[in-house]
Every structure is written in structure tokens, then in C-alpha cells.
Amino acid sequence: MQASPHCPANVPQPSSEEVTSGADIISTVEFNHTGELLATGDKGGRVVIFQREPESKNEPYNQGEYNVYSTFQSHEPEFDYLKSLEIEEKINKIKWLPQQNAAHSLLSTNDKTIKLWKITERDKRPEGYNLKDEEGKLKDLSTVTSLQVPVLKPMDLMVEVTPRRIFANGHTYHVNSISVNSDCETYMSADDLRINLWHLAITDRSFNIVDIKPANMEDLTEVITASEFHPHHCNLFVYSSSKGSLRLCDMRASALCDKHSKLYEEPEDPSNRSFFSEIISSVSDVKFSHSGRYMLTRDYLTVKVWDLNMETKPVETYQVHDYLRSKLCSLYENDCIFDKFECAWNGSDSVIMTGAYNNFFRMFDRNTKRDVTLEASRESSKPRAILKPRRVCVGGKRRKDDISVDSLDFTKKILHTAWHPTENIIAIAATNNLYIFQDKVNSEMH
Amino acid sequence: MEFKLEAHRIVSISLGKIYSARGQRGGLKLHKNLLVSLVLRSARQVYLSEPGCPPEPPPAAAAARPPEEEPAPRTAAWAAEPPPPPPQDEAGRDCQGPRPRRCCCGEENRGGCAGAPPPPHCPRKRSAGERGQAGSPVKKPRREEEEPPPPPPSPPGEQEDMETSNVASLISIFGSSFSGLLSKEPKGRRRPPLDGGEAAAGTAPAEAAAETGQICCDEPVLRTLNPWSTAIVAF
């Protein structure tokens, strides 16, 4: 995947390269803490890292473009012989570690195994050994007549990726999320029923901190769908459930955090009750705001902003695609109702973003209450083009260029999106294409 | 009545999803299957609570329903109990097609099971499955399914018929597939007993092994059944 040349200010810029096989379907997207690097994982177990080129002094208005920095195979398909189950190599989540030295590190996980990868650069190599020649072969000692000190000479940049830790056998069920603690020493991994706490340096054991598996699996009513550490308080984390609730847990309270400190739950609107109420209330993603004061959740039809101090209901609710509410039965039939959309905050926590169908993604400005629907597609994203807002019409008067609900393409779904930590750069994964949009003008909605 | 039809349609779709989840790569997805089972339970409750419940048991009603409601013969065999004539294309797939019919007739013996007489090997398979199941047929497969809906309160006729028509087919799949699989399991692999009882686990493999000759399931079928049972083992 290749980023195409960037564009001048105020112009969102698409970057993509098309590949056709299923293994290239992007399954996760994540910026690192500075935004210099962007990692994507795909269904084939590969990780591709993009690096932003430094801004050129010659063209001050040109922003750095993202180019491929490194590609490596993170996970391979495995077979659990004891259970006769194949373990998919698909990368479910990638999380960057805060950078502590010249190397970059990230965690990548599939359904069962989390791996810590170290990414280093090599741009110099020593030359002038006394005993070895240029190819590394031992010299004939009789030809050595003087001693020299090897010197470091520049070489072509080489990016090396090595697996430093493999955290295996921690999960019986499928891992759905990982989150690095602000203490930079521990991280947690969550599967459907349990959450484990790991130390980044210790791979042979982990602590189970949440276990919601009932004694009798017949009594199972909810599973864990996502989890995240608080960005500043290393003792706090949140996990979401398939019933639409959030639980904030404090690790200081007890070793096993089955009892939540706070439970965030909104009572169901009885007028919206249907066979599928439970499915659409399942939270597919939860993200703390950068400030740590709010949480953002995504369920099938809405995104909600929760204040950590208010457990009874969200402070803001935004409809992503409410026109689908009348189509839930068909969406159940074609499995779309199970799609897990992610959500994202911008750097200042003023705008939230999430994906939808037909390669649409939505942004909501929390201050102005304006929202916009944009499309990630080759046709509408020529270089230097400004993204045109799209509209889905639900009957009533239809404007030119509106899309009707029935002509939405449900196979084109934007599940994974990421926002640069500080700037208005977003990465949108549309099936097997990656789009990177940049907007120099600060957070104004078009 | 419309709700009833929609509810029944949702039930059959849900069952189809649970069935097709067996062959999924990466193992059963607990979350999705839990949601599907919740939908299944809601739809079933609506179906049963609808005042317009027909007096005849659902199997017969289902059989009378127009065929286009059921997308595939297999799903049809489950949701709408035995289709009046066995579908022609199922003749070659004895193990899959007739299984629901057979077990509906054999295990529950509720009225209206209008299927063809079960193939000769069926009683054996069925009884092996039954022997492996100590609990009530309704409860049994649910324990073996990872996230089954809790069994409904003890029911009068129609409710039980509903279960029979839709869940008994699941029972038969689990029961017979377990016994079929036990015979194919490699030695030395530990598996939890079917019903939690050591004795049953002890006898079931022996009986199932004896049936290997009679089991008409060929390799492809067993291969598809394998992930299901092992997924249950996994959970």
C-alpha cells in the first residue's frame, strides 16, 4: 500500500493502492503516539507500517506524506491440535508502545497470541575490520600488516523488525482488544469472557483481572466486547459488554476486578424494542478521550459520549445511520448487523469519527453539533480533491447526488478508522484499501 | 399473525446461522452465537405468546407453509419440520437431510411428524445419542452449545412443540454427530463426557465405535461436523 503525493493546505488527500485478495483486508489501523508512524494489520497476518516524511523546507505548505516504512508477517495461521481448531492469523488489534529509545515497539494480536515487535533502523555499518574482509571472510593473516580501527560508514537505511516477546496461551476465547497502560510497563488483553494483565517483559504468566464466565455456560448472557486503560490513571480501565454497558474498574480495589467501580448503562427505549434490540445495543468499540474525562462508545446505530462522572446515561448521542433501524431484519439475515465498527476522537476531543456502509464515514463536531458524511472511494478522492459531503436520503425530497438507502452497498464497510494524535490527519480502512486524508485547516467541518 | 410469521422466519434464519457457524474458520465466535441465540429466544417467545397460535403443532403448520419461506432444504428440514416429501436432492445425503426428521420422530414423538420413515441406521444412531444424554433432550444440547438460551419454563403443549420443532433438530445434530465423532476421534485425546457422566462417556464411544460400520456419514460430512463438536469441547 502506498501513499500518494500529498497536497497543499485545506485539501484532504487520499492515498491508496488496490489489492484484490481476501488476505489483504485491513483489520486494524493505529497511529503511534507522535503520529509519525501508522500501522495497519490485515487478515493475512501482516503488518504494514507507514512513516510520515518530514516536511520539506522547500515547500512549507506541503505536509509530509505517508510512505511504506516496513512490512512484516506478524502472525501465521496455527492449528490447535487439542481442540481441533484453526487459529486465524488475522490481526485483530495493534497498539504502539510509547517510544523510550531509538527503537519503536508495538503489540499485535490475533485471536490467541499477542506479540511484541521491535522496529529498529540501521543506517550505518562498521567497515575496516582487521581480521575479516568486506564479505566477512577471515583474512589470510600473512596479509595483515597493520592495525586499523573500524569506522562506521553510512549505508542504505534498513528497517529491522524482530519479535521480542510472544505472549501465548493466555486466552481460551478470542482476543478482541489490547491496551497499553500509562505506566508503560503493563498492558491488558481482553477476550470474550476474561481480561488478563501482562507485564511487557514477562511472557510466561499473566494475571486475570476480569472473569465473567458463569459457572454454567448455559447462564451466559453477555460477553466482553472491548476494553481500554485510562490514558492517565494507570489503575483504571473500562470494558464494554454485548449488552451495551460499560464498566469502569479500579485495580486498586481488588485483585479480581469482577466488581466494577462504576457501571454505565442507559435504559432501553421501549419504543425501539425489536427482536434485534439486544444486538444493536452491543458496544463494538470503546475509547477514552485524550483528556481522560470522557468515553466514546459505538454500537450498531449510534456513537455515544459518556462522562466518567455520570453513569446513568451518555452526555451525547449521535445517530450514525438511523435509517437502518427499519432494515434490521435484512441486516440480520446478511450478517451485517454483526459488523463491529470502531470510533475515534480527534486530538482535541472536539470531533468524533466512525465508519458506516457504502464506504461512508461520519464525523460529528461536539461543539457546533454539525456532522458530515464523507466517502472513501477512488472516484471521489482524486489527488488534491476536496471531499464532498454525501447524503443518504430516506424518502422525502431527494437532492442531486443523494444516495438512497436501498442503493447503499453493504459490502463496502468502513470498520476501522484512526485519527492522528495531534493533527487533522485520518486513516480510513475501506476493505483492502487504506485512505489517508489530510486537512491543514484546523478542525473546521466542510 | 404477521408477527408470528416473522418470528418464525427469524427463528429459522437464526438456526441456519448457528448451523453454518460450525464450519467457520477460527472456531465458533462466542459473541456472535450468543447474540444469535438471544434473537432466537426472543423470536421464539414472540411466536409462542402470539394469540393466533394454530391448534395443530408447529411441525405440521410449518410443513404446510409455503416452501419459499425456507431458503435451503437443510434449513427447511429444521425450521419447518419434515417437509412433506423428502426433497429429492437429500436422498443422497442421508446423514444430513433425514436426521432432523428422524430424531423428531424418534425422540419426541410429538404429533405431526410427517416425515418419511427413518433410514434403517437411524434408530441406532439416535439411541447412541440418547444414551449419551442424561438430561432432558431439550436441556442436553444446550449445555453442549456454548451459549444456549436457558430452557423455557415447563411448558404446555404448544410451547414444547415449538421447542421440539426447532430445537429437537439441534438435539439430533448434536447427539448423532457426537456419537459419530466419538468413533472417529483419535485415541488419547481427552474429551469431556457428553452428559457430564463418566459412565456415559465410557459407553458411548464403545457403542459408537460399533456403529462405525453402519454410519453412512462419509468423510466430508464428518469433517464438517468435527469443528462443531470440537468447538463445543473448546468452550
Side-chain angles (χ1 to χ4, degrees), chain A residues 22 43 77-90 92 110-112 172-176 191-194 213-214 216-226 240-243 273-284 300 328-330 332-335 337-340, chain B residues 3 6-7 9-14 16-17 20-21 23-47 71 135 139 141-151 181 185-186 188-191 223 226-235:
Chain A
K43 218 169 159 203
E78 282 174 54
F79 197 79
D80 181 342
Y81 293 97
L82 197 61
K83 297 174 187 170
S84 269
L85 285 179
E86 193 178 359
I87 300 169
E88 274 190 283
E89 68 276 28
K90 174 169 75 94
N92 292 336
N110 68 348
D111 281 340
K112 296 286 183 187
T172 306
Y173 303 96
H174 294 146
V175 175
N176 53 53
D191 65 30
D192 293 314
L193 296 178
R194 298 192 178 104
K213 182 177 178 183
N216 189 353
M217 280 297 268
E218 268 190 51
D219 302 329
L220 182 72
T221 54
E222 68 182 322
V223 296
I224 298 168
T225 52
S240 60
S241 84
S242 54
K243 274 192 172 168
R273 185 112 184 87
S274 76
F275 288 122
F276 310 104
S277 301
E278 275 153 331
I279 300 189
I280 63 171
S281 65
S282 176
V283 173
S284 52
Y300 191 63
L328 293 179
C329 195
S330 327
Y332 178 71
E333 245 181 300
N334 64 16
D335 272 358
I337 208 173
F338 301 104
D339 287 335
K340 296 190 183 164
Chain B
F3 287 132
E6 201 200 341
R9 178 162 166 259
I10 289 174
V11 165
S12 56
I13 293 171
S14 305
K17 285 188 194 300
S20 60
Q24 254 177 12
R25 197 171 167 243
L28 270 173
K29 299 198 179 350
L30 187 62
H31 184 198
K32 181 178 173 187
N33 281 275
L34 175 67
L35 295 176
V36 169
S37 66
L38 292 175
V39 168
L40 182 62
R41 187 184 9 166
S42 309
R44 192 182 66 223
Q45 280 168 355
V46 165
Y47 185 88
K139 270 186 98 75
R142 288 185 176 156
R143 193 170 312 133
E144 282 148 359
E145 192 185 7
E146 298 85 314
E147 63 295 320
L181 279 158
E185 286 289 348
R189 198 195 292 193
R190 302 187 61 233
R191 303 185 68 243
R223 240 184 280 123
N226 221 344
W228 185 227
S229 74
T230 52
I232 292 170
V233 170
F235 286 122

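The chains referred to below are lettered A, B, ... by the order of the sequence lines, with proteins before strands, and numbering in each begins at 1.
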**Prompt:** Who wins among Glu89(A), Lys112(A), Glu222(A) for the most heavy-atom pairs under 4.5 Å with chain B?
**Reply:** Glu89(A)
[atom1] of [X] to [atom2] of [Y]: how many Å apart, nearest 0.5 Å?
X         : Y         : atom1 : atom2 : value
Leu34(B)  : Leu193(A) : CG    : CG    : 9.0 Å
Ile10(B)  : Phe275(A) : CD1   : CZ    : 4.5 Å
Arg273(A) : Ser42(B)  : CZ    : OG    : 6.0 Å

**Partner set under side-chain hydrogen bond (donor to acceptor under 3.5 Å, both in side chains) for Asp191(A), not counting sequence neighbours** =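 Partners of Asp191(A) by the side-chain hydrogen bond (donor to acceptor under 3.5 Å, both in side chains) criterion, ordered by chain and then number, come out as His171(A).
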**Message:** My understanding is that only residues two or more places apart in sequence, or in another chain, count here; which of them pass side-chain hydrogen bond (donor to acceptor under 3.5 Å, both in side chains) with Asn176(A)?
**Reply:**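 Listed in chain order: nothing, the list is empty.
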**Fill in**
Taking every heavy atom of Glu6(B) against every heavy atom of Cys329(A), the minimum-distance pair comes out as OE2-SG, 3.8 Å
**Asked** Considering all heavy atoms of both residues, which atom of Pro77(A) and which atom of Arg25(B) are nearest to each other, and what is their separation?
**Response** CB-NH2, 3.7 Å
At a 4.5 Å cut-off on heavy atoms, which part of [X] comes close to chain B: side chain, backbone, both, or neither?
X         : answer
Lys340(A) : side chain
Thr225(A) : side chain
Ile337(A) : neither
Ser274(A) : neither

**Prompt:** Does any non-hydrogen side-chain atom of Leu85(A) lie less than 4.5 Å from one of Leu28(B)?
**Reply:**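 No, too far: nothing below the 4.5 Å cut-off.
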**Prompt:** Does the side chain of Leu38(B) come within less than 4.5 Å of Ile279(A)'s, by heavy atoms?
**Reply:** no
**Message:** For Glu333(A) and Arg9(B): C-alpha separation, side-chain torsions, deciding distance, then whether salt bridge (Lys or Arg N to Asp or Glu O under 4.0 Å) applies.
**Reply:** CA-CA 10 Å; Glu333(A) 245 181 300; Arg9(B) 178 162 166 259; 2.4 Å; yes
**Message:** One pair to check against side chain to side chain contact (heavy atoms under 4.5 Å, CB included): Ser14(B) and Tyr332(A). What are the steps and the verdict?
**Reply:** CA-CA 9 Å; Ser14(B) 305; Tyr332(A) 178 71; 2.7 Å; yes
**Message:** For Lys29(B) and Asp192(A): C-alpha separation, side-chain torsions, deciding distance, then whether salt bridge (Lys or Arg N to Asp or Glu O under 4.0 Å) applies.
**Reply:** CA-CA 9 Å; Lys29(B) 299 198 179 350; Asp192(A) 293 314; over 6 Å; no
**Prompt:** Taking the side chain from His31(B) and the backbone from Phe338(A), do they hold a donor-acceptor pair closer than 3.5 Å?
**Reply:** no
